[in-house]
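Scroll down for the structure; my scribbles are underneath it.
This one's a predicted model, so the numbers in the text were calculated from it and none came from an experiment. Just the heavy atoms: all of them, side chains too, but no hydrogens, waters or symmetry mates, feed the values below.
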Amino acid sequence: MVSTTLSSFLLVLLVSFFVTEAQRPALTKGLSWSFYQSSCPQLESIIRKRLQKQIKDDVGQAAGLLRLHFHDCFVQGCDGSVLLDGSAGGPSEQTAAPNLTLRKKSFKIIDDLRKRIQDECGQVVSCSDITAIAARDSVVLTGGPNYDVPLGRKDGVNFATEQATIDNLVAPSANTTTILSLLATKGLDATDAVALSGAHTIGISHCPSFTDRLYPNQDSTMDKTFANNLKGSCPTADSNNTVNMDIRSPNVFDNKYYVDLMNRQGLFTSDQDLYTDRRTRGIVTSFAVNQSLFYEKFVIGMIKMGQMNVLTGGNGEIRNRCDRRNKDKKVDIATVVEELEETFSALF
């Protein structure tokens, strides 16, 4: 099983797929396809080179970085606010219930990339842009489509409230009506909704995110063998174990997630209901039988999502550190130690 997964990974690693210029969504004012061409031309190569190593060492980080971008953009726009630690300005978005399972290493990877970029180019690239490129590279490095990322975002200086975070992220228990309604408020249509849900083709989930479909009664839309296997991994509703989101190729960014749905093997209600609901069933089927079509629509959805409520021009800032606003700078022992650690890690 392991060797099969590794072989599949190697086979698709170099796959790239480009949406034609005519298919690209329109750019938001202030963003550009070549924003850093003069100020930091090596930006994308710095990120790609570093993530090649990170994802080779731990392929799970790809899903973590991709999810981080989603959780940033859906809550008050792609402004890097999810990266902020708490301060006098408010509690961190990271403490909101939907964000508690974001991978801690993902935040460290983004700030490590920020440090490497600043060493080469100075403080010219926003943390929100770094997060968007890292998400794209996570898709590519697990075998998915390559695409250009609109750049020029600025980092936000405001925290979203916990309620705003909850209200703007799709819950695992959400049905298709809820998903379509929420995404419509963000300028995303049904095809975007189904395509972006395909991000669940990589990554893992903690049991409590879906055990409401197992206990006390099994969800009738779930395949019985699949359900029994999940119960083996999650013997109780509050078990803290994890399972793969996609049972067919969990470490490869492909269209097998949609094959799972057609076989009633979607993990969340928000996944499986896309096939149950007649409004989105045909889209799921089309992606299950045509991976290139899925890639095309996923790229379009990502470009649209990545431009939601962005800050550009004189709005926002370019953070010196991704975990705090520039005005929150402080000098204390912990900060000094952390900066020394960053220096030594760069040397060795």
Side-chain angles (χ1 to χ4, degrees), residues 60-87 89-110 127-128 131-132 134-135 138 156 158-186 188 192-214 234 237-246 257 266-274 301-302 305-306 308-309 322-323:
Q61 296 305 327
L65 292 167
L66 181 56
R67 188 174 179 225
L68 192 60
H69 183 46
F70 271 72
H71 281 231
D72 182 33
C73 291
F74 270 84
V75 181
Q76 77 177 22
C78 311
D79 65 351
S81 59
V82 73
L83 305 172
L84 292 169
D85 287 341
S87 74
S92 170
E93 292 175 27
Q94 297 167 34
T95 62
N99 290 337
L100 292 175
T101 54
L102 291 174
R103 290 175 181 247
K104 303 303 180 189
K105 183 69 181 294
S106 299
F107 295 96
K108 294 180 180 179
I109 290 173
I110 294 297
C127 295
S128 47
T131 303
S138 295
N158 298 311
F159 299 83
T161 65
E162 179 169 8
Q163 193 58 52
T165 302
I166 293 169
D167 291 345
N168 284 281
L169 291 171
V170 175
S173 58
N175 61 24
T176 299
T177 296
T178 300
I179 296 170
L180 295 182
S181 297
L182 175 61
L183 268 64
T185 67
K186 301 179 184 300
L188 300 171
D192 298 322
V194 178
L196 291 173
S197 294
H200 286 173
T201 190
I202 56 174
I204 59 175
S205 171
H206 290 80
C207 296
S209 294
F210 59 85
T211 48
D212 61 326
R213 301 185 68 206
L214 301 174
C234 307
D238 60 353
S239 170
N240 199 39
N241 294 333
T242 60
V243 301
N244 291 321
M245 295 288 295
D246 174 1
Y257 162 82
L267 195 59
F268 298 159
T269 298
S270 60
D271 296 318
Q272 191 57 54
D273 202 52
L274 294 173
M302 287 293 286
M305 183 190 79
M308 294 193 308
N309 297 324
C322 292
D323 60 359

I need the minimum non-hydrogen distance between [X] and [Y], along with the two atoms involved.
X: Asn168; Y: Lys186; answer: OD1-NZ, 2.8 Å
X: Ser92; Y: Leu84; answer: OG-O, 2.7 Å
X: Pro172; Y: Ser209; answer: CB-O, 3.3 Å
X: Gln76; Y: Asn158; answer: NE2-O, 2.8 Å
X: Arg213; Y: Thr269; answer: CD-OG1, 3.5 Å
X: Cys322; Y: Leu83; answer: O-CB, 3.4 Å

Is it true that a side-chain atom of [X] and a backbone atom of [Y] form a donor plus acceptor pair closer than 3.5 Å?
X: Thr211; Y: Ala237; result: yes
X: Asp273; Y: Thr176; result: yes
X: Thr201; Y: Gly198; result: no
X: Ser181; Y: Thr178; result: no

Task: Flag for Asp79-Ser128: side-chain donor and acceptor within less than 3.5 Å - done: no
Task: Donor + acceptor pair across side chains of Glu93, Ser81 (<3.5 Å) - done: yes
TODO: Decide yes or no on side-chain contact (heavy atoms from CB on, under 4.5 Å) for Tyr257 and Met245, but give the supporting numbers first.
DONE: CA-CA 8 Å; Tyr257 162 82; Met245 295 288 295; 5.9 Å; no
- [ ] Could you go through the side-chain contact (heavy atoms from CB on, under 4.5 Å) check for Leu182 and Asp167 one step at a time?
- [x] CA-CA 9 Å; Leu182 175 61; Asp167 291 345; over 6 Å; no
Distance, nearest 0.5 Å, that separates [atom1] of [X] from [atom2] of [Y]:
X: Leu180; Y: Leu188; atom1: CG; atom2: CG; answer: 10.5 Å
X: Ser205; Y: Phe210; atom1: OG; atom2: CZ; answer: 5.5 Å
X: Cys73; Y: Met302; atom1: SG; atom2: CE; answer: 7.5 Å
X: Leu183; Y: Asp192; atom1: CG; atom2: CG; answer: 7.5 Å
X: Leu65; Y: Ser106; atom1: CG; atom2: OG; answer: 4.5 Å
X: Asn241; Y: Cys207; atom1: CG; atom2: SG; answer: 5.0 Å

TODO: Take Leu102 and His71 through the side-chain contact (heavy atoms from CB on, under 4.5 Å) test and state the conclusion after the steps.
DONE: CA-CA 9 Å; Leu102 291 174; His71 281 231; 3.9 Å; yes
Task: Passing candidate, side chain to side chain contact (heavy atoms under 4.5 Å, CB included) with Asn99, options Ile166, Val82, Asp72 - done: Val82
Task: Candidate list Arg103, Lys104, Gln61, test side chain to side chain contact (heavy atoms under 4.5 Å, CB included), partner Ile109, passing option - done: Gln61
TODO: Would you sort out whether Asn240 and His206 count as a side-chain contact (heavy atoms from CB on, under 4.5 Å), showing the intermediate values?
DONE: CA-CA 6 Å; Asn240 199 39; His206 290 80; 3.5 Å; yes
